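The chains referred to below are lettered A, B, ... by the order of the sequence lines, with proteins before strands, and numbering in each begins at 1. Hydrogens, waters and symmetry mates are skipped; everything else that's a heavy atom, side chains included, is used. What you are looking at is a predicted structure, and each value in this text was computed from that prediction instead of being measured.
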There are 2 protein chains.
Amino acid sequence: MTNLFVEKLRGYSPLDEEDVAGLLALTARPRLVKTRHDLIREGDRPGPVFVIMEGWACRYKVLPSGTRQVLAFLMPGDACDLHIGLLAEMDHSIQTITPAQVVTIDRVDMDRLMAQRPAVARAMYIAQLVDEGTMRAWITSMGRRTSIERVAHLMCELYLRARDIAITGEQSLALPLSQVLLADALGMTSVHINRVLKELRVAGAMTLNRGSLEVSDPAKLVRIAGFDDGYLHRRSRTA
Amino acid sequence: MTNLFVEKLRGYSPLDEEDVAGLLALTARPRLVKTRHDLIREGDRPGPVFVIMEGWACRYKVLPSGTRQVLAFLMPGDACDLHIGLLAEMDHSIQTITPAQVVTIDRVDMDRLMAQRPAVARAMYIAQLVDEGTMRAWITSMGRRTSIERVAHLMCELYLRARDIAITGEQSLALPLSQVLLADALGMTSVHINRVLKELRVAGAMTLNRGSLEVSDPAKLVRIAGFDDGYLHRRSRTA
DNA sequence: CGCTCATTTGATCTATTTCAAGTTGTGTGG
DNA sequence: CCACACAACTTGAAATAGATCAAATGAGCG
């Protein structure tokens with residue numbers, strides 16, 4: 001099993017053997033977390049940095065009305081905020097979507113590694129900038145894209161992110177997101193998500209079925225979404 | 001004229017004289033930028049960090065359709081991303097909304113100050129976390145709040161942020177945002193913004209007129225917005 | 001004064017939500 | 001292998017928030 005955290009960071013900055021060794025040492029002991037378990041909750045005092053090694057999770061907020069907004073999807077290799085420990089309380093929660101292998105890294109250890117290994121620090125900072133860019137893309141989606149564009153855009157994003165850590169098939173991806181969850185992420189109703197998915201299927205762009213995304217016509221999907229991968233900052237990649 | 005960048009950072013971490021002296025040295029030479037001028041554009045190679053010392057600006061993206069999404073409002077004391085220089089290109093643009101005094105800080109100088117003055121580094125990191133929290137709040141607004149809640153929520157946010165740098169009046173704030181701009185920020189039409197503003201006015205919660213926000217009934221505004229200031233992480237503040 | 005730009009109002013239209021039933025799929029125990 | 005329970009998905013009809021189109025009003029400015 002390759003270490004997808006390393007894989008992801010390697011995409012942002014070249015890492016030498018010692019960089020990798022340092023990262024492997026910090027991520028050696030993941031623990032298994034079951035589905036729908038809150039890793040941390042809004043209002044909690046943040047602790048160590050954690051990294052999803054396997055499985056999926058999401059950041060979310062619950063509103064007074066009880067509705068929920070998903071703020072980000074975390075896939076293998078993704079981490080929570082680097083400096084999260086500086087805050088008095090979390091302003092959102094993080095929950096697993098599938099069973100997941102999660103590693104927690106002590107702030108001190110992380111700081112030491114970053115001080116000793118500039119390439120690791122660089123990659124971590126870039127990862128954070130990409131997370132921010134992703135949030136901006138989400139704001140843009142919510143504010144100015146139609147529902148079908150929004151769905152298509154999210155699928156493009158997830159597919160590319162997954163490709164960068166090599167967990168995709170030819171034109172497919174294991175995507176364990178229910179329609180309710182997608183609705184909570186995209187500011188829609190699950191009912192409407194369902195109709196939009198059908199529309200995308202009929203259009204021959206993509207199919208989402210039983211936890212699996214099939215991108216039948218990538219060009220069409222990108223066109224529908226108006227997708228521009230700039231915000232993922234993948235430029236230096238070779239793949 | 002107090003230095004509002006220092007004022008803002010002081011809210012996140014106590015700063016001693018030398019911390020402040022270092023910050024003052026880096027922000028001594030602002031330049032005047034006129035209204036509606038792009039400080040940096042999507043696709044540009046990022047340069048030095050810059051800080052708005054006076055006036056307002058916004059981050060935004062333009063979609064293929066020509067519509068625009070405002071991603072954040074920058075008020076005096078606000079800075080662009082700390083590590084922005086690590087990226088190959090900007091994924092969004094930043095434009096002034098009013099004439100503004102803007103300072104650019106060389107990456108090297110900033111890094112040196114942060115290395116020498118841990119309190120400054122701490123405050124800068126917290127500022128970045130607050131920016132992220134703010135983006136999450138915007139995503140939540142766009143996804144799950146009605147238009148009136150969205151407008152009210154944004155006004156609450158701006159008022160509190162402005163209060164932290166002491167540029168507010170009793171229950172008022174100089175807010176140079178046109179209805180078109182607000183529409184671009186909140187994913188609405190300017191026509192609809194107009195109606196919502198009227199509704200808030202009639203409800204006796206707030207009035208936005210000629211660049212001035214009057215919060216006639218703060219409690220009511222907060223109630224309408226369902227506002228919780230947690231994401232601004234102001235807990236340590238005394239004010 | 002006459003121009004321009006921002007705001008306001010009205011009338012119509014449409015995307016999306018809401019509510020309410022079904023249908024399909026999946027795992028479990030008999 | 002079947003029956004049952006439970007979750008996820010699908011579809012239709014009615015209601016509504018917000019967009020769009022069009023036009024009027026008002027303020028600031030050379």
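Rounded to whole angstrom, the span from the CG atom of B/Leu197 across to the C1' atom of C/dT7 amounts to 10 Å. As a whole-Å value, the separation of B/Met188 CE from D/dA19 C1' is 10 Å. Atom pair A/Leu200:CG and D/dT10:P shows a separation of 12 Å (rounding to whole Å applied). If you measure from atom CD1 of A/Ile193 to atom P of D/dT11, you get 15 Å, rounded to the nearest angstrom. For the pair A/Asp184 CG and C/dT17 P, the computed distance is 12 Å after rounding to whole Å. The distance from atom CE of A/Met142 to atom C1' of C/dT16 is 14 Å, rounded to the nearest whole Å. Rounded to an integer number of Å, the gap from CZ of B/Arg150 to C1' of D/dA17 is 10 Å. When the C1' atom of C/dT7 is taken as reference, atom CG of B/Leu177 falls 15 Å away, rounded to whole Å.
Backbone-only contact: B/Thr146 has heavy atoms under 4.0 Å from sugar-phosphate atoms and none from a base. When heavy atoms are screened at a 4.0 angstrom cut-off, A/Gly187 is found touching the sugar-phosphate backbone but no base atom. Residue contacts shown for A/Ser147 are limited to sugar-phosphate atoms, with no base heavy atom under 4.0 Å away.
Comparing C/dA6, D/dT10, D/dA19 by their closest approach to the side chain of B/Ser178 singles out C/dA6.
Looking at B/Asp81 and B/Arg59, a side-chain N of the basic residue comes within less than 4.0 Å of a carboxylate O on the acidic one, giving a salt bridge. Ion pair B/Asp164/B/Lys8 not flagged as a salt bridge, since none of the NZ, NE, NH1 or NH2 atoms sits closer than 4.0 Å to an Asp/Glu carboxylate oxygen.
Checking the phosphate oxygens (OP1, OP2) of C/dT8, no side-chain nitrogen or oxygen of B/Lys198 falls inside 4.0 Å. An OP1 or OP2 oxygen of D/dT10 is reached within less than 4.0 angstrom by a side-chain nitrogen or oxygen of A/Asn194. For the pair A/Gln179 and D/dT10, the criterion of a side-chain N or O lying under 4.0 Å from OP1 or OP2 is met.
Nearer the 5' end of DNA chain D, as judged by each residue's closest nucleotide, is the contact made by A/Arg201, out of A/Arg201 and A/Arg144.
No side-chain heavy atom of A/Leu175 sits under 4.5 Å from any side-chain heavy atom of A/Tyr159. Here the side chains of A/Met206 and A/Leu197 are in contact, with some heavy-atom distance below 4.5 Å.
What you find for B/Glu89 and B/Gly43 is that their closest heavy atoms are CB-O, 3.5 Å.
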Nucleotides 20-30 of chain D: which of its N/O atoms have a protein N/O under 3.5 Å away?
residue : atom : partner  : partner atom : Å
D/dT20  : O4   : B/Arg195 : NH2          : 3.1

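Between A/Tyr231 and A/His153, the ring-plane angle classifies as parallel under the 30° and 60° cut-offs.
One distance of note links CG of B/Leu158 with CG of B/Leu213; it measures 8.0 Å at 0.5 Å rounding.
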